[in-house]
Amino acid sequence: LTALRAQLNPHFLFNALNSVQGLFSMGMEEKANEAMGLFSRLMRKLLEFSEQAEISLAEELEMLRMYLDLESVRFGDDFQYIISVDEKVNAKKLMIPSLLIQPYVENAVKHGLLHLTGVKRLNIDIQLQSGGLLQVTVTDNGIGREAASKLRNKNHRPFGTRANATRLDLLNSTRNEPITVETSDGFEGKEAKGTTVIISIPLKDE
């Protein structure tokens, strides 16, 4: 798990820095400098959390907001995101594995929304279900998984998703109730209209 976290952090940083580089290449120096400020704050947070197996949900969400604000600088007004947290959830006290949600949010941006023309929307909804189950739903209005896979190199598989799947296997090997992830695409007729990822985290691991 420690080795996988060490791999995830540089991957996360690389993608964030790549967004800044894109602004410089387009000659948008003012926005690029703004993004560099966000990037430096994000890097400090990642370094702070790098040695922790678990962080609070509030800390994970703070890091996600920094990342999404960085993407907002790149996409401009075309990018909109909303993070909603159930009032029953105490985000400051609730602990989750670090960087558990982030790869799915990053994939939504990099693969679902990047190639979408027009307004790009991302919603992160966190609900406390009966039986002590925390449910995190990440929804985008992007191009869908099939279209995104056709635009990627045939030998490429998103690293964040692969590493997180391995982390889940390891985490679940020590739990009585596993963390589960379900992914589905929405459709209008035969055309994909976004992707939804549901992460279910049992809070009562007895």
Side-chain angles (χ1 to χ4, degrees), residues 8-49 57-85 91 99-126 136-153 156-161 164 183-188 191-199:
L8 273 168
N9 287 351
H11 180 258
F12 188 10
L13 291 171
F14 171 81
N15 281 335
L17 192 56
N18 196 49
S19 298
V20 178
Q21 184 183 27
L23 292 171
F24 276 116
S25 67
M26 291 185 289
M28 303 172 68
E29 292 187 7
E30 185 175 345
K31 281 187 174 289
N33 286 326
E34 180 184 346
M36 278 300 298
L38 287 169
F39 176 79
S40 65
R41 290 171 55 210
L42 176 61
M43 186 165 62
R44 283 195 296 271
K45 282 295 178 185
L46 284 172
L47 290 172
E48 181 184 340
F49 299 149
L57 175 61
E59 289 170 322
E60 176 97 354
L61 294 179
E62 181 185 8
M63 190 166 53
L64 285 175
R65 288 188 182 95
M66 288 182 187
Y67 168 68
L68 292 171
D69 285 344
L70 183 59
E71 294 291 13
S72 294
V73 174
R74 179 170 65 141
F75 289 127
D77 294 337
D78 282 344
F79 183 64
Q80 302 171 1
Y81 77 87
I82 297 173
I83 299 177
S84 304
V85 182
L99 288 175
L100 178 64
I101 305 170
Q102 179 273 325
Y104 301 101
V105 173
E106 184 178 325
N107 277 346
V109 174
K110 298 292 182 181
H111 305 297
L113 298 176
L114 180 62
H115 301 287
L116 178 69
T117 301
V119 177
K120 310 171 200 302
R121 296 189 182 91
L122 178 74
N123 292 332
I124 302 171
D125 184 59
I126 299 173
V136 181
T137 304
V138 180
T139 307
D140 67 70
N141 70 328
I143 61 176
R145 289 175 294 169
E146 183 178 353
S149 66
K150 291 178 180 178
L151 293 172
R152 292 196 299 267
N153 183 294
H156 174 74
R157 185 182 175 193
F159 172 81
T161 300
N164 218 44
T183 305
S184 61
D185 289 334
F187 288 87
E188 288 185 7
E191 184 179 1
K193 292 291 185 180
T195 301
T196 297
V197 176
I198 300 175
I199 308 165

Quiz item: Just wondering, are more than 12 heavy atoms of other shown residues or ligands nearer than 6.0 Å to CD in Gln21?
Solution: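 No.
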Quiz item: Is it true that atom CD1 of Ile83 has more than 12 heavy atoms of other residues, nucleotides or ligands lying nearer than 6.0 Å?
Solution: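 Atom CD1 in Ile83 is crowded, with more than 12 foreign heavy atoms closer than 6.0 Å.
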Smallest separation among heavy atoms of [X] and [Y], with atom names:
{"X": "Arg65", "Y": "Tyr81", "answer": "O-OH, 3.7 Å"}
{"X": "Tyr104", "Y": "Val197", "answer": "CD2-CG1, 3.9 Å"}
{"X": "Glu62", "Y": "Lys45", "answer": "OE2-CE, 3.3 Å"}
{"X": "Leu100", "Y": "Pro103", "answer": "O-CD, 3.7 Å"}
{"X": "Arg121", "Y": "Asn141", "answer": "N-OD1, 2.7 Å"}
{"X": "Gln102", "Y": "Leu64", "answer": "CA-CD2, 3.7 Å"}

Practice problem: Go through Met43 and Met66 one step at a time and tell me if the side chain to side chain contact (heavy atoms under 4.5 Å, CB included) criterion holds. | Solution: CA-CA 10 Å; Met43 186 165 62; Met66 288 182 187; over 6 Å; no
Just wondering, do [Y] and [X] contact through their side chains at under 4.5 Å, heavy atoms?
{"X": "Phe75", "Y": "Val109", "answer": "yes"}
{"X": "Asn107", "Y": "Thr195", "answer": "no"}
{"X": "Phe24", "Y": "Asn33", "answer": "yes"}
{"X": "Leu122", "Y": "Val105", "answer": "yes"}

Quiz item: Rounded to the nearest 0.5 Å, how far does NE2 of His115 lie from NZ of Lys120?
Solution: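 Answer rounded to 0.5 Å: 9.5 Å.
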Quiz item: Do Glu34 and Lys31 sit within salt-bridge range, that is, some charged N less than 4.0 Å from a carboxylate O?
Solution: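 Salt bridge: no.
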Quiz item: Of the options Val85, Val136, Asp140, which is the one that meets Ile124 in a side chain to side chain contact (heavy atoms under 4.5 Å, CB included)?
Solution: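 Exactly one pass, corresponding to Val136.
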Exercise. Any chance you could lay out the side chain to side chain contact (heavy atoms under 4.5 Å, CB included) test for Ile101 and Leu57, step after step, and finish with the verdict?
Key: CA-CA 10 Å; Ile101 305 170; Leu57 175 61; 4.1 Å; yes
